[in-house]
Amino acid sequence: ATVMTHDVSIPIHELRFFLHVDADLCAPRSQSGVFAFIGNDSEGTKTPIPIAWISKKQSIAADSVGLSEVIAAHRGIKEALALTLPLSAILDPAFAQLHGFADYGTVLRVDVRGMSANLHLYSRAIGLRISLIRDLIAKEVIVAQHIPSAKNKANMFTKVLPRLHFQTERQMLSILP
């Protein structure tokens with residue numbers, strides 16, 4: 001079976017589910033950005049098929065960039081898993097593995113360190129989020145990777161962008177006017 005996109009035929013077994021998350025630290029609540037899509041290479045950059053996107057104020061006030069990024073990652077993972085699990089049952093079991101990208105190291109270090117002293121203040125609310133992320137990485141449901149900010153497809157959902165940056169980022173999402 002194949003999927004057609006941009007007049008290109010892609011075998012289903014080559015498709016993977018990708019998630020980009022980002023956050024913009026601001027008061028009183030930070031902004032989470034999430035972009036979920038299907039792609040067919042290691043970073044999902046070839047023929048991305050947008051599936052879901054979110055721009056939402058965070059429910060918990062963050063006092064650091066790291067904390068706001070963890071909150072954004074948690075939101076993105078919850079939303080993406082609701083999409084990946086049904087698709088993996090219908091199309092291909094490989095869809096069950098989510099390729100997650102973040103541009104801030106705190107999200108990626110969660111797997112190794114768990115709770116840090118910097119995040120201890122919010123131990124209950126953040127601890128639960130960190131535990132979920134850590135467990136999903138350990139069980140290989142999520143493959144967490146770093147992505148430079150300039151390539152993070154969720155960036156445009158976290159802040160107001162000048163027109164040229166907006167147009168560039170819209171093209172990166174494969175969303176045309």
Side-chain angles (χ1 to χ4, degrees), residues 3 5-6 10 14-26 29-60 62 64-88 91-92 94-111 129-130 132-137 139-162 164-176:
V3 173
T5 178
H6 303 288
I10 305 167
E14 290 182 12
L15 297 176
R16 298 292 173 260
F17 203 93
F18 294 90
L19 174 69
H20 284 215
V21 296
D22 197 12
D24 188 36
L25 181 65
C26 54
R29 304 270 191 231
S30 297
Q31 188 78 16
S32 290
V34 175
F35 185 68
F37 61 100
I38 296 171
N40 68 327
D41 66 343
S42 63
E43 292 182 1
T45 54
K46 291 171 65 176
T47 61
I49 304 166
I51 300 296
W53 48 91
I54 299 168
S55 178
K56 185 170 170 90
K57 287 284 184 198
Q58 295 181 352
S59 59
I60 300 172
S64 70
V65 174
L67 182 56
S68 66
E69 294 280 345
V70 167
I71 294 168
H74 177 260
R75 169 162 297 284
I77 289 167
K78 280 180 32 181
E79 298 292 337
L81 287 178
L83 298 169
T84 59
L85 297 177
L87 284 174
S88 67
L91 298 175
D92 189 333
F95 267 60
Q97 189 174 54
L98 179 63
H99 298 266
F101 291 86
D103 61 5
Y104 196 75
T106 301
V107 175
L108 304 175
R109 288 190 298 269
V110 161
D111 180 39
R129 287 168 171 81
I130 288 174
L132 174 69
I133 295 168
R134 192 174 187 184
D135 288 350
L136 292 173
I137 291 171
K139 294 184 183 304
E140 297 181 353
V141 173
I142 300 171
V143 177
Q145 296 171 281
H146 178 266
I147 190 164
S149 293
K151 291 184 175 183
N152 191 336
K153 296 178 187 307
N155 184 51
M156 80 176 297
F157 301 110
T158 64
K159 61 187 82 54
V160 176
L161 298 170
L164 286 176
H165 287 139
F166 176 82
Q167 291 173 340
T168 301
E169 296 215 10
R170 185 178 63 196
Q171 286 178 324
M172 195 167 53
L173 300 177
S174 293
I175 299 173
L176 304 175

Sole residue of Gln58, Lys56, Lys57 in side chain to side chain donor-acceptor pair (under 3.5 Å) with Ser32: Gln58

Indicate, with yes or no, if the rings of His20 and Phe35 have centres closer together than 6.0 Å. no

What is the distance from atom CG of Asp103 to atom CG of Asp22, rounded to the nearest 0.5 Å? 4.0 Å

Of all pairs that satisfy salt bridge (Lys or Arg N to Asp or Glu O under 4.0 Å), the ones with a partner from residues 67-79, not counting sequence neighbours: Arg75-Glu79

Name the one of Thr84, Val143, Ile142, Val141 that satisfies side chain to side chain contact (heavy atoms under 4.5 Å, CB included) with Gln97? Val143

Please step through side chain to side chain donor-acceptor pair (under 3.5 Å) for the pair Asn155 and Lys159, ending with a clear verdict. CA-CA 7 Å; Asn155 184 51; Lys159 61 187 82 54; 2.6 Å; yes

Please enumerate all residues that pass side chain to side chain contact (heavy atoms under 4.5 Å, CB included) together with Ser55, with sequence neighbours excluded. Gln31, Phe157

Just wondering, are more than 12 heavy atoms of other shown residues or ligands nearer than 6.0 Å to NZ in Lys139? no

How far apart are the closest heavy atoms of Glu169 and Met156, and which atoms are they? OE1-N, 3.1 Å

Sub-4.5 Å side-chain heavy-atom contact between Ile38 and Phe17: yes

Working to the nearest 0.5 Å, report the span between CD1 of Ile137 and CG of Leu132. 9.5 Å

Residues Ala62 and Leu67: closest non-hydrogen pair is CA-CD2, 3.7 Å

Which heavy atom in Ala73 sits nearest to a heavy atom in Ile133, and how many Å separate them? CB-CD1, 4.1 Å

Would you say the side-chain atoms of Asn152 pair up with the backbone N or O of Ala102, donor to acceptor, closer than 3.5 Å? no

Inter-residue atom distance Ile77.CD1 - Leu98.CG, 0.5 Å rounding: 7.0 Å

Of all heavy-atom pairs between Asp24 and Thr158, which one has the smallest distance, and what is that distance? CB-O, 3.3 Å

To the nearest 0.5 Å, atom CD of Gln145 lies from atom CZ of Phe101 at 4.0 Å

Heavy-atom pair with the smallest gap, counting every atom of Ser30 and Ser68: OG-CB, 3.7 Å

